[in-house]
Asker: 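Supplied in structure tokens, the structure appears directly below.
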Amino acid sequence: MRQVHCFATPTELMSACADAVSSVLSAAIELQGIARIALSGGSTPAALYAELARRPQALPWSRVRFYFGDERSVPQDHPDSNFRLAKTHLFTPLSIDPAQVFPMVSAPPLSPTAEAARYAALLAEFAAPNGVPVFDLILNGMGDDGHFASLFPGTPALDERSKTVVVNPVERLQTERLTLTFPVFEAARRVLFLVSGASKHAAFTASGQPDSDLPVARLSRARVTDWFIDRACAEGSGQ
Ligand code: 6PG
């Protein structure tokens, strides 16, 4: 089921999404002393991270543990690295202690298979009795093909139900990615999609259709998902 929150402009969208992220993390800290969030990659979250970085007093950031929903098979300092994106726009401006951050790719990188096994073992430290790690919040973007994290349409990771982190070959991109798997997204306390722009309109519409097989539609049928979108995404026109 989708809970949709639509805002007129990208600026209003990022501000509202930052409010929501702060609220969820604060509640988790209040309840259990810490909050665990899995961050999204791509370009959209950069503006959200910058907005959060302008709010050093929003919550006790030292109580937040930062993980990742997926990662490219590149070193941490590579321009395509999701870790580098978050470090640049969020961790460094907020002076987050590196001990609070858990990159999917090590420095120096291990093999993708070794990184997936290492990360799964790390996440197992806060797994429920069924072995699935429970994040307080997972932040996702969405591709215009309806993928999220690195769960792309037609890729093997979509059907993975026992492992929590896998290497997923993405033929369309001629690469392989590291990604959390569906059971982890289904188990999270909250899942928040941040989607901006007219190019995402068709996939966003499909995410709510009962007969769509897009990864975002499959997740939205499996659990409650919060969608923070702008009018351009909702209407398919504008920026
Ligand atoms: C990644 C992301 C991916 C991203 C979408 C949207 O590693 O690229 O996790 O799922 O959220 O591809 O990307 P944009 O925000 O750049 O449109």
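As the structure is a prediction and not an experimental result, all values here were calculated from the model. Heavy atoms only: backbone and side chains are in, while hydrogens, waters and symmetry mates are out. Each ligand, and each atom within it, is numbered from 1 in the order the structure gives.
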Asker: Just so I know, are the side chains of Leu219 and Thr225 near enough to count as touching, which here means a heavy-atom distance under 4.5 Å?
Answerer: yes
Asker: Check contact between Glu71 and ligand 1, using heavy atoms of the residue and a distance below 4.0 angstrom.
Answerer: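 Flag not set, Glu71 not near ligand 1.
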Asker: Taking the six-membered ring for Trp and the single ring otherwise, decide whether the centroids of Tyr49 and Phe91 are under 6.0 Å apart.
Answerer: no
Asker: Contact between Gly69 and ligand 1, counting heavy atoms under 4.0 Å?
Answerer: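 No heavy atom of Gly69 comes that close to ligand 1.
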Asker: When Ser150 is tested against each of Thr179, Asp70, Asn82, Thr175 for side chain to side chain donor-acceptor pair (under 3.5 Å), which residue passes?
Answerer: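 In the set Thr179, Asp70, Asn82, Thr175, the residue that makes a side chain to side chain donor-acceptor pair (under 3.5 Å) with Ser150 is Asp70.
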Asker: Answer with side chain, backbone, both or neither: which part of Asn140 has a heavy atom less than 4.0 angstrom from an atom of ligand 1?
Answerer: neither
Asker: Does atom CZ of Arg63 have more than 12 heavy-atom neighbours, drawn from other residues, nucleotides or ligands, at distances under 6.0 Å?
Answerer: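 Result for CZ/Arg63: open.
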Asker: At a 4.0 Å threshold, what atoms of ligand 1 neighbour a non-hydrogen atom of Gly143?
Answerer: 5 (C), 6 (C)
Asker: If you count heavy atoms of other groups shown closer than 6.0 angstrom to CD of Glu186, is the number above 12?
Answerer: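 It does: Glu186 CD has more than 12 such atoms within range.
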Asker: Among protein heavy atoms, which sits nearest to atom 12 (O) of ligand 1, and what does the distance come to when rounded to 0.1 Å?
Answerer: His147 NE2, 2.7 Å
Asker: Are any of the N or O atoms of Thr44 closer than 3.5 Å to those of ligand 1?
Answerer: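 In this structure, Thr44 places an N or O atom under 3.5 Å from an N or O of ligand 1.
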Asker: Are Phe126 and Phe135 close enough that their ring centers fall under 6.0 Å?
Answerer: yes
Asker: Is there at least one pair of N or O atoms, one from Ala149 and one from ligand 1, spaced under 3.5 Å apart?
Answerer: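 N/O-N/O distance below 3.5 Å exists for this pair.
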Asker: Should Arg2 and Asp226 be marked as a salt bridge (Lys or Arg N to Asp or Glu O under 4.0 Å) after you check the CA-CA gap, both sets of side-chain angles, and the distance that decides it?
Answerer: CA-CA 6 Å; Arg2 302 183 309 169; Asp226 282 280; over 6 Å; no
Asker: Between Arg221 and Asp211, does any side-chain N to carboxylate O distance fall below 4.0 Å?
Answerer: no
Asker: With heavy atoms only and a cut-off of under 4.0 Å, state how Asp70 meets ligand 1: side chain, backbone, both or neither.
Answerer: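 Under 4.0 Å from ligand 1, Asp70 contributes side-chain atoms alone.
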Asker: For atom 8 (O) of ligand 1, what's the nearest protein heavy-atom neighbour? Residue, atom name and distance, please.
Answerer: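 Nearest neighbour among protein heavy atoms for atom 8 (O) of ligand 1, to 0.1 Å: Arg72 NH2, 2.6 Å.
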Asker: Under 3.5 Å, is there a donor-acceptor pair between the Arg118 and Ser106 side chains?
Answerer: yes
Asker: Could you list the atoms of ligand 1 found under 4.0 angstrom from a heavy atom of Arg177?
Answerer: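 Counting from 1, the qualifying ligand atoms are 1 (C), 7 (O), 8 (O).
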Asker: Any idea which part of Met142 is under 4.0 Å from ligand 1, heavy-atom wise: side chain, backbone, both or neither?
Answerer: backbone
Asker: Got the closest protein heavy atom to atom 13 (O) of ligand 1, with its distance?
Answerer: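 The closest one turns out to be Gly42 CA, 3.9 Å.
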Asker: Numbering the atoms of ligand 1 from 1, which are under 4.0 Å from a heavy atom of Ser43?
Answerer: 14 (P), 15 (O), 16 (O)
Asker: Looking at Asp136 and Arg189, does any basic side-chain N land under 4.0 Å from a carboxylate oxygen?
Answerer: yes
Asker: Looking only at protein heavy atoms, which one is nearest to atom 17 (O) of ligand 1, and what is the separation?
Answerer: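 Result for atom 17 (O) of ligand 1: Lys200 NZ, 2.7 Å.
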Asker: Distance under 4.0 Å to a non-hydrogen atom of Gly141: what atoms of ligand 1 satisfy this?
Answerer: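 Going through ligand 1 atom by atom, the ones under 4.0 Å from Gly141 are 11 (O).
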Asker: Just which atoms of ligand 1 are under 4.0 Å from any heavy atom in Ser40?
Answerer: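 It comes down to these atoms of ligand 1: 9 (O), 11 (O).
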